[in-house]
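Scroll down for the structure; my scribbles are underneath it.
It should be emphasised that the depicted structure is a prediction, and the values quoted were computed from it without experimental measurement. Every heavy atom of this structure was used, including side-chain atoms; hydrogens, water molecules and symmetry mates were not.
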Amino acid sequence: MCRNIVPLNNLEPAATDDECQDAALQFVRKISGSNAPSRANQAVFDRAVAEIAEATRRLLDDLVTTAPPKNREHEAAKRRARSADRYEAIRVFQAEKHATRAAS
């Protein structure tokens with residue numbers, strides 16, 4: 001899954017239409033392979049984003065859970081921590097690669 005798309009179900013407060021739109025945009029960008037479509041494809045791109053945002057809204061509205069709502073700030077902190085770990089691992093790998101090349 002695209003890392004920029006965050007789970008929107010069971011949040012307190014509930015996901016907004018803007019969040020559904022943002023998730024739909026990221027999804028369409030990912031599957032189309034394009035951040036900004038050409039003028040020839042703009043209408044198709046925009047229509048796909050609107051349809052997916054609408055489907056996302058319906059999905060979130062219709063899902064049922066018995067789990068307590070997730071705290072937005074706590075979930076965001078967990079995502080930031082995972083991201084920091086991931087980037088630290090990349091930094092360490094690159095430092096080791098650089099050291100290996102320097103030693104050669």
Report all side-chain donor-acceptor pairs from residues 62-71 shorter than 3.5 Å, counting only partners two or more places apart or in another chain.
{"from": "T65", "atom 1": "OG1", "to": "A67", "atom 2": "N", "distance (Å)": "3.1"}
{"from": "K70", "atom 1": "NZ", "to": "N9", "atom 2": "O", "distance (Å)": "3.3"}
{"from": "N71", "atom 1": "OD1", "to": "E73", "atom 2": "N", "distance (Å)": "2.9"}
{"from": "N71", "atom 1": "OD1", "to": "H74", "atom 2": "N", "distance (Å)": "2.8"}

request  = Treating Ile, Leu, Val, Met, Phe, Trp and Tyr as nodes and any side-chain heavy-atom pair under 4.5 angstrom as an edge, say whether I31 and L25 lie in one connected cluster.
outcome  = yes
task = Using salt bridge (charged side-chain N to carboxylate O under 4.0 Å, His left out) as the criterion, list what pairs up with D17, not counting sequence neighbours.
result = R57
ask   = Would you say the side-chain atoms of T56 pair up with the backbone N or O of I52, donor to acceptor, closer than 3.5 Å?
value = yes
query = What residues form a salt bridge (charged side-chain N to carboxylate O under 4.0 Å, His left out) with R82, not counting sequence neighbours?
reply = none
ask   = Q42: what forms a side chain to side chain donor-acceptor pair (under 3.5 Å) with it, not counting sequence neighbours?
value = D46
ask   = Mind checking whether L60 and C20 have side chains closer than 4.5 Å, heavy atoms only?
value = yes
Charged N-O contact under 4.0 Å between E75 and R79 = no
query = Do side-chain atoms of R72 reach the backbone of P13 as a donor and acceptor pair under 3.5 angstrom?
reply = yes
request  = Check salt bridge (charged side-chain N to carboxylate O under 4.0 Å, His left out) between R29 and all other residues, then give those that pass, not counting sequence neighbours.
outcome  = none
task = Kindly write out the residues that satisfy salt bridge (charged side-chain N to carboxylate O under 4.0 Å, His left out) with R91, not counting sequence neighbours, or none if the list is empty.
result = E88
Heavy-atom donor-acceptor pair, E19 side chain to T16 backbone, under 3.5 Å = yes
key: A53 versus A24, closest heavy-atom pair with distance   = N-CB, 3.5 Å
query = Which atom names give the shortest non-hydrogen contact between S34 and F45, and what distance separates them?
reply = O-CE1, 3.8 Å
